[in-house]
Amino acid sequence: MRFPLAFLGFLTQAPLQQQPLLQQSKTQSAMAQQPTPFAFKEGSDVFAPKNLVELGRPGAAVANGAGDLALVPFSKFSFTDKQNKKSIYVISLDSAGKAIHIPLEKGGESFWLSQTTIAHVVEGDHASEIYAFDVHLSAFNGNNPNDETEAFTPRGLIRTIPSKTASNFRYNEKTGNLVFSAHVYPDGNLSTVAEQDKEWEERGNSAFVYDETYERHWDTWASKKGSQLFSVQLTKGQDGQWKSDDDFKSPLQGTKHNTPVEPFGGTDDFDVSDTHIVYTTKDVNLPLAWHTKQDVFIVPIGATSGPVELTSGEHGAIHSPVFNTAGTKVAWLQLDKDGYESDRAKIVIYDLQKKVSFTITQAWDRSPDSLAFSKDDTFLYLTAGDEAKIKVFALPVPPTPSESTAHPKFDAKYTTPIALTHSKAASGLQVLPGHKLLFSQSSFTSPNDAFVIRNTKAIQEAILAAGGDKDKVLADVVKVDKLTGFADADLKGKELSEGEEFWFKGALEKDVQGWALKPKGWKAGEKKKWPAILLIHGGPQGAWEDQWSTRWNPNVFAQQGYFVVMINPTGSTTFGQDFTDAIAKDWGGKPFVDMLNGWKHALKAHPEIDADRTVAAGASWGGYAINWIQGHPEYGFGFKALVCHDGVFDASYNGYSTDELFFFNHEWGGRPWDPQSQETLKKFSPSNFVSKWSTPQLLIHGSKDYRLPETESIGAFHALQQLGIPSRLVVFPDENHWVLNHGNSLKWHYEVFRFINQFVGEKSQK
Ligand SMILES: *[C@@H]1O[C@H](CO)[C@@H](O)[C@H](O)[C@H]1NC(C)=O
């Protein structure tokens, strides 16, 4: 009989629980448990969960064509009026610190129409409505740029697009081409969407019917519609009025191509030159759910001829196709393996004049995630993760070889990008006229701010002069200026921790990295002991990076009085491809040697951690790890409580039920019924080790999580309950793999901190 065994385990591992088991299982069967009084630590000097949810959220800065102003999308939620207010800040790249704040009552996407005109798109009843306003340059010279009425003039509605889903706008001032995406039916026609939507809604039943995958993806059941690209002319007349006609071009019409690629694709899935669009789309000849292969196509903006493929041969996913400034080359980020989303991305350049493609970062063991050509097309700038930071890199563009090759022979200076930044997490890289580079950076201590490098000419010269021997030259050449301080006032006095890096030996004697954040109130030399939490990241091909997060923000845990330990174990990105690849078919293996070694290292390095008051929490793969630790008491972590958010419980069933089947097939060694994955599943599915479970556990799941469906947490909850282990299930019916709603986010934090506080909080010491 399993019951007494579990009882035993329960007593040895969770001595703090005071209710007798029988009584406890009775009260637990009634849904309402005894409420445990719990309140967050809050106050003017504390960065509490409520402060995280209410802190303004700046997006990445986007500059105008002249490169003198940039707009930053901004949103700020308030619990007082329960509203998420959208706005944009317009900042000057030349007079630092000056900003105009423009409220956007109805939210929506913004983009530049000219040096001083910003368009802003609002979803109307049946259409997307584009409004414009002019920003006054004088506002940046005057004394009071924050006076909104002085700073901009609304110009009203300038055009509508007959689709509510118009998005991802790119406007070319010179040619007047406005390119955007919208969801259309297979006829690829913007003007028939409303009618076909109506037919569908009035079909007389609610069934969804599928003959192929994806039947659902991320958080959405598939419909017949897909995202395609459109263009229309929009020009400013002599009279200053914006003019447009209804001659929408549909350059992807007649293809099955969908771009941006859902669910996360955006403007970085296509680029626009004066004459053409280059875009990436999934290979439509392959089943979507178990292939990742994407191809790159080029098509005239005016749809005068059909798309032509630039890619060839075998490869995997492709991201970020970009034109060079002259429109004569395209570069993109290409993964080699079809069926693996975390393969190393390599930069491929396609020379449109010579019809030659070549790979330039074949020998660089880092994976870029965005790129842009310099204005003179001699350099590429890119962002890439490097040892848990996301840095900006520069790389000279090599001469085009005589024929296409994935292994060209180039001088060292052409093959190894050079880091221009060394901390934080960069995004939104944009090359500007006048040798400037604009980007945004966040960190553990700050959400996005805009940064600029103004001397890329000198940097490029220094890199070329160094001829591949770079590091020594650059330190004093690169000058990064911070343009904004969006959160400065709100975070003042909160003393957020920058995080301390530590390294230790993990599995196979490899060097493994982690972060430690000391709890709020920690003082050197004091005897006080603190509870600690091990945070486990998802992916598993991801990393705890020096980056701001509105979910799993480590400083929120530190501010509630927890010593925070985060480890980047085997499988983590930014430490080289071998380290990332090494988790495949070994989910319950090397990562846990790493985490245990890292955890012991942290306990030893920080004797102020109370080893009797520790917990662990994780989401997604991190949730797998929680369920795995639960079933492996022999590791001896000694956690008093566990928190699993959207985690894997029965890996075998998940291999069938998840949306992206390629992920399971890659990670477990085949489809769920194949011999290799059967073997791996037997070894590493958490559901096989439930008989050893004994630690109190909180489970949280979003019902719209189609990556790891909610039955993963429900199954684990049923196991915990039948074993009489203190447990709670929190379900968010409207959330996907992430908790995004502001109220839900606060509730999430409340449940997490309430649960762990029960077992390791200050009161539990007595
Ligand atoms: C789109 O549909 C409309 C209405 O049926 C039709 O008049 C028009 O020719 C179609 N356009 C294209 C590009 O197929």
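Both ligands and their constituent atoms are indexed starting at 1 by order of listing. Computed from a predicted structure; not experimentally measured.
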Any T280 side-chain heavy atom under 4.5 Å of W332 side chain: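 Result no, sub-4.5 Å side-chain heavy-atom pair not found.
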Looking only at protein heavy atoms, which one is nearest to atom 14 (O) of ligand 1, and how far off is it? Q253 NE2, 3.1 Å
Using distance alone, with no hydrogens and no angle criterion, decide if S440 and N448 have a side-chain donor and acceptor under 3.5 Å apart. no
Side chains of D134 and T116: do they bring a donor and an acceptor to under 3.5 Å?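 No, T116 and D134 have no side-chain donor paired with an acceptor closer than 3.5 Å.
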Per-pair distances, 0.1 Å, donor-acceptor, side chain in residues 121-133, under 3.5 Å, sequence neighbours excluded:
unit_1 : atom_1 : unit_2 : atom_2 : d
S128   : OG     : S163   : O      : 2.5
E129   : OE1    : Y131   : OH     : 2.9

Can you find a protein heavy atom closer to atom 2 (O) of ligand 1 than 4.0 Å?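 Protein heavy atoms within 4.0 Å of atom 2 (O) of ligand 1 - there is at least one.
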Quick check on contacts: which atoms of ligand 1 are under 4.0 angstrom from a heavy atom of S191?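 Answer, ordered by atom number: 1 (C).
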Proximal atoms of ligand 1 relative to T192 (non-hydrogen, under 4.0 Å): 2 (O), 5 (O)
Closest heavy-atom approach to atom 11 (N) of ligand 1 among N189, L190, D247 is made by N189
Give a yes or no on whether a salt bridge exists between D377 and K329, defined as a side-chain N under 4.0 angstrom from a carboxylate O.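 Here D377 does not pair with K329 in a salt bridge, since their nearest N and O are not under 4.0 Å apart.
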